[in-house]
Each structure stands twice: as structure tokens, then as C-alpha cells.
Amino acid sequence: MNKIRTDIKALLTLIGVINQLDKLLLPLRIITSALQNTLPYAGIYVSAYVVGSLTDGKPIESFLPRALWIIGITGTLNALVYAVMRVDNAHLLGADVAFQTLMGEKTLSLDYPSLENPETVTLRQKISQENSWGQSLWGIIGSIAGIFGTVLSLIIGIIILLPLLASFVNVNIWLGLAFIVFIALIMFIQTRIAAWSQKKRDTINDENSKQLKYYMQLVGNAGISYKDGKDVRLFDAHGLISRYLFLGQANVIKNLTDKMAGVSSANNGANTLVEAILTGANYIVVGAISLMGALPIGSVIFCAGAVGRVVGALGNLSYQGTSLLRIARRWNIVMGFFDIPPVLPKGKEGLPISSSERYEIEFHDVSFKYPGSDQCALKNLSMKIDPRQRIAVVGRNGSGKTTMVKLLCRLYDPTEGIITINGIDIKTIDYNTYMSLFSVVFQDFKLFSFSLGVNVAADLTYDESCAAESLDEAGFTERIEKMDRGLETPLYKDFEEDGVEISGGEAQKIALARALYKDAPFIVLDEPTAALDPIAEFEVYSKFNEIVGGKTAIYISHRLSSCRFCDDIAVFHEGELIQRGSHDALIADENGKYHELWNAQAQYYAENKKISDL
């Protein structure tokens, strides 16, 4: 009982979501379903009326106008169904887009810890899988509307059958009771067939969903993606795709379709047999009642047709209700995604923001563990970053450098300890205000398939002169001069056929320009040039150091040469700050980690006089 209540609650929530997306959507689909489920009665009535009139010996001219009139109304209503369906489909498509937008907005608004949480990733995968099963808005709305239409069909059918039920009382009540029991048995059999069929389909989908996902992603992308096409050709991977993906996964598809076809055949065969038995018994019983004089001959056809519609409606109602509750239960997964709560305090305290303001950042005995991990990625970090200071953060991969930046930028909050800015706990400061202080370029920075200007500004509207200046300072001027559309040039070809494919180095310059455009008090470069050789990385960092002006700058790298121009260098190792000082002071400590790292990388520096003579 509790499970049913939970399912019904989920269903009501779903209806609320659908109405939020489009208030006309359900009414339009219900109208369509109502018309589709009641129009067949008009056809049954016309057939019964014509046969009854002919049997009674009436001339054709006496009943033909009425029959044609009913047929005309039926045709008009059919045309109305198609007209409503056309409008309905437009609303349904709009609602589908609106729902995907809501999903996107929810994803974008998630706090970063929730976004990276494996549970969230699993939730999104389940949602994608449910949609791939057809359990999307289309299925939900169709089932809800189908129930309304089926109930209406059932009510009409029962009203039509009242004379038949009355005739059973007058002729043979036991025959009537036996007929009702027979119909109930037919309904039970049909419901069990439907339940078996659906369970088998769900099981087959569960067993094959993973392989199908691989098929859609790997085969589809490898076949048509121009980005993957280079690797396919250079590494002669078409043989791999042909042998493993196209052939191997084709077997998965064949397996799935064969199993589904088997289930469908068994389902259809069983239903056909049951319906044939019902139809035969139906006409025998109703015909017998007619021969006993309790019903006119025309009513035989009308009542027999109505019995078929009522039985079908009852079977559909049972199946649709069960199916709808099952869909609602699965869509609890979707609701669970929307219910993911904020995990980072957003704060309310204000903070003066201006280019002349001086900001002092300090870590107070900060430790941090990533969700699901027992090990500290950062341990007992205490350090101060003075206003407008140039500080380099160095260390091997995994030493805690990027974790420190994530905490500084409030992508995560410390597990222990606090971080302050001008003595104020950053968790108490208004989140958006605090985030506006930082321009960060991570190693895995993201450019979007929008125009160059939009990528620099991270906004659809932007200051063209400021965007152009930022690109110039980042060293992109020569490249933009070759672009016919300038700042309006689309990047990549995902949305625009004339999109421009940019190199890795060009992408890095655009990312640096974006950091400059924001004009935030803090600039953080978290190994965005790690893919470059040490010399090229040094040149980028040196140039960037010249243009950051009076901002506080934090440069993160595992290559020590890139940050020699900084007055202050912080050395991280295994999640701890183990050394801090100038290059000369650190290199003089022959027992220190910095001296060890420097000598391990010395071969690169000796090859370049520009670096070694710095």
C-alpha cells in the first residue's frame, strides 16, 4: 500500500511538472484521446442502424440520410482529431525542449561537489537510459491522456449495454452472470498477457542497455564525427570498428530485436486467440438474446461491438494504470535529480569589489577530502597570499596544487579549517560576489561552439573593443586577422558549417583572453599550458605576467622553470605545503624538494638560454 501511495505521489508530481512546462499540453492530448476512443462507437452505430433498418424492411431512402449525416459528423470529428493532434504535437515538442532546458539549467546550477559526485553521474546515466526506453514525456503524457480516453470509452460502452443487461434479467439471469464471469476471465487473461509482455521487455532492455549505449556512442561517433575521423584514419582503426563495433554490436542489436520480436509475436498471438474467443462468444450470446426476442437484430451488432469496446477498455485501463505507475516510479529518478540540494553555503555578507581594493587571502589549517575518499588531498594547509602578489605553486602531479585552487575558488569547501579574505570567512560572503573575484584558467579549460567573442566574454553580449584587446594581449591578434568574421567567427563545426577548427595553442590563448576580459582582482593559471613544451610554457607565463598589471596572480605548474619570475614560490608535496620562498633561497636548500625537482628537470632548462639565464 505504501508503495502505491508513493507511486501516486510521484504521478501527481509529474502532472505538476507537465503543467509547469505547458498548461495546454495535457488538455490537448486528453481531447485527442477522448475523440479517438469514442469515434469507433459511431461506426458501430451506423452499421447497427443500417442492418437493423434493412432487417425491418425499411426502404433505403428512409434511413440513408441519417446514416450519411452520422458518417459526415464522424468524418468531421476525425478531421478535428488530426487538427488537434497537429497542435498537440507542437506543444509536446515545445514541452520536451523545455524539459531538456530544465535539466540543463539544473545541471548548470548544481554545486560543483554535487556535479562531480559519482551518485549524480549515475543518476544522469539512469535518466538517459529511461529516456532511451521511451519513458520520456511523450510516454507519460500519452498514458495519462490514454486513461482519460479509455474511461470515457468505458462509460459510453456501459451506457450502450444497459439494454443488454436488462434483457439478461428478463430472459435468463444465469446466462447474464455467466457471460459477465466469462468477460471478467477474458480481461484477467489479457491483463496477465500484457504484464508478462511488459516484464519481458523490461528484462530484455535491462540486459542490453549497456551494450546498446556503447553501440550508439562508439559506432555512431566513430562513423560520423569529424573529430574522431582523424584518429580512425591515422591509426587505421576502421578495421577495429568494423570487426568489433559494427559486427559485434550488430549481434547485440540482432539479439535484442529477435528477443523483442519473440515477445511481440507471443503477445500478439495470445491476444488474437483470446479476442477471437471473446468475439465468438459475444456474438453467440447476444445473438441468442436477440433470437429470444429480447433485442432487435440491429442491436445485436451494436451491443456486440460495444461489448468488445468495453472489454478492450477495461483491459487497457488496467494496463495503462499499471504502466503509468511504473513510469512514475522510474521518473522518481528524475525527480531525485531535481531534488539534489545545494551543498555549499552561499553566504550573505557583502565585499567591496574594485580594482583599487586590496585583498589578502589566508588558509587557516585547511584540510580536504574529496567525497567518497578516505585520504586527504590537502593536509593542514596554512598560507597567506598577500595583495597583488605573484606566487608560483609548484609540485609533482597529485601534490594538491589544483585542490588548493578549487578550495580558493569555492568549488569545494574545506573539510577542516577555514579560508579568509581580509579576515572574513569566505563561506559567509555572498557566493556570486566572491566568485566575481577570480579569473581562472584550468588545465582542462572549456571553449564552446559559439563565436570567438562569446567565448572570450562568456556572454552573448560583450564589449567588442575589450574582447579584441584581451585577445591581443593573449597573443591571438595574428590569428584573428585571418578570420573573415572576426569576433563573430564560430569556433568548431558543431553548430555552424563554417566554424573554425583551432589548434591547442590557439585555444589556450582564447582561454587566457577570457581570463583577462573578466578583469577580476585574482588571476589563477592552473597548468593551462601543460600540453606545451617547457620553453613554450615559460614564454606564455612570462608574457602573461607582464599583462596582469596590479592583480594578484597565482601560477600553478609542475615545471619549475615556468614560474621563476615570481618572487614567492610555494612547494607542495603529497597534499602538504613543505617549502616556501624565492627561487634562489629554495634552490640553495640542497636537501629540499624544490632543489630535487629543479635538478630532475634541469636538462630542459639547460637547453634554453632564455630560461637558464633568467
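The analysis underlying the following values was restricted to heavy atoms, covering all of them including side chains, and did not include hydrogens, waters or symmetry mates. Fair warning: this is a prediction, and the values are worked out from it, not measured in the lab.
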Donor-acceptor pair, distance only, cut-off 3.5 Å: does the side chain of [X] make one with the backbone of [Y]?
X    : Y    : result
S451 : E488 : no
E506 : S503 : yes
Y434 : G350 : no
Q579 : K593 : yes
T120 : S114 : yes
T552 : R388 : yes
T403 : A377 : no
R410 : L344 : no
K401 : R396 : yes
S109 : E105 : yes

To the nearest 0.5 Å, how far apart are [atom1] in [X] and [atom2] in [Y]?
X    : Y    : atom1 : atom2 : value
L447 : Q508 : CG    : CD    : 10.0 Å
L110 : L115 : CG    : CG    : 6.0 Å
I18  : L25  : CD1   : CG    : 7.0 Å
F363 : K384 : CZ    : NZ    : 13.5 Å
M383 : L408 : CE    : CG    : 9.0 Å
I523 : I554 : CD1   : CD1   : 10.0 Å

Looking at [X] and [Y], what are the two nearest heavy atoms and their distance?
X    : Y    : answer
S382 : D365 : OG-N, 2.9 Å
I361 : F522 : CG1-CZ, 3.6 Å
A511 : V441 : O-CG2, 3.6 Å
R29  : G142 : NH1-CA, 3.9 Å
K518 : S436 : CE-O, 3.9 Å
D494 : S449 : OD2-OG, 2.5 Å

Hey, are the side chains of [X] and [Y] touching, using non-hydrogen atoms and a 4.5 Å cut-off?
X    : Y    : result
Q443 : D526 : no
K106 : F337 : yes
D374 : K369 : no
L452 : M483 : yes
V454 : V456 : no
Y462 : L487 : yes
I424 : I426 : no
V366 : L407 : yes

Does any donor atom in the side chain of [X] or [Y] lie under 3.5 Å from an acceptor atom in the other side chain?
X    : Y    : answer
D463 : S465 : yes
D22  : H91  : yes
N380 : E576 : no
H595 : N599 : yes
T420 : D425 : no

Inset, instruction - Evaluate whether atom CD of E596 has more than 12 neighbouring non-hydrogen atoms of other residues, nucleotides or ligands under 6.0 angstrom away. - result: yes
Inset, instruction - Determine whether more than 12 heavy atoms belonging to other residues, nucleotides or ligands lie under 6.0 Å from atom CG of D339. - result: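 Counting other residues, nucleotides and ligands, CG of D339 exceeds 12 neighbours.
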Inset, instruction - Check each of N432, D111, T428 against K346 using the side chain to side chain donor-acceptor pair (under 3.5 Å) test, and report the only one that passes. - result: D111
Inset, instruction - Start with the C-alpha distance between L577 and V393, add both sets of side-chain angles, then the distance that settles side-chain contact (heavy atoms from CB on, under 4.5 Å), and finish with yes or no. - result: CA-CA 9 Å; L577 175 63; V393 180; over 6 Å; no
Inset, instruction - Evaluate side-chain contact (heavy atoms from CB on, under 4.5 Å) for R479 paired with V500, printing each intermediate quantity in order. - result: CA-CA 11 Å; R479 180 67 176 93; V500 173; 3.2 Å; yes
Inset, instruction - Please state whether the rings of Y412 and Y370 are parallel, tilted or perpendicular, taking 30° and 60° as the class boundaries. - result: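 If you compare the ring of Y412 with that of Y370, the planes turn out perpendicular.
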Inset, instruction - Evaluate the ring planes of Y594 and W598, with Trp represented by its six-membered ring, and classify them as parallel (under 30°), tilted (30 to 60°) or perpendicular (over 60°). - result: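 The rings of Y594 and W598 lie parallel, inter-plane angle below 30°.
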Inset, instruction - Would you sort out whether R485 and D498 count as a salt bridge (Lys or Arg N to Asp or Glu O under 4.0 Å), showing the intermediate values? - result: CA-CA 10 Å; R485 296 170 61 181; D498 60 345; 2.7 Å; yes
Inset, instruction - Carefully, step by step, assess Y555 and V524 under the rule side-chain contact (heavy atoms from CB on, under 4.5 Å). - result: CA-CA 6 Å; Y555 301 98; V524 183; over 6 Å; no
Inset, instruction - Kindly write out the residues that satisfy ring pair (Phe, Tyr, Trp, His ring centres under 6.0 Å) with F450, not counting sequence neighbours, or none if the list is empty. - result: none
Inset, instruction - Begin with the C-alpha distance, continue with both residues' side-chain angles, and end with the deciding distance and a verdict on salt bridge (Lys or Arg N to Asp or Glu O under 4.0 Å) for R390 and D568. - result: CA-CA 7 Å; R390 303 285 200 277; D568 193 11; over 6 Å; no
Legend entry - Stepwise side-chain contact (heavy atoms from CB on, under 4.5 Å) check, M404 with L381: CA-CA 9 Å; M404 184 271 286; L381 174 62; 3.8 Å; yes
Legend entry - Centroid-centroid distance, F448 to Y492, less than 6.0 Å: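 No: the rings miss the under 6.0 Å criterion.
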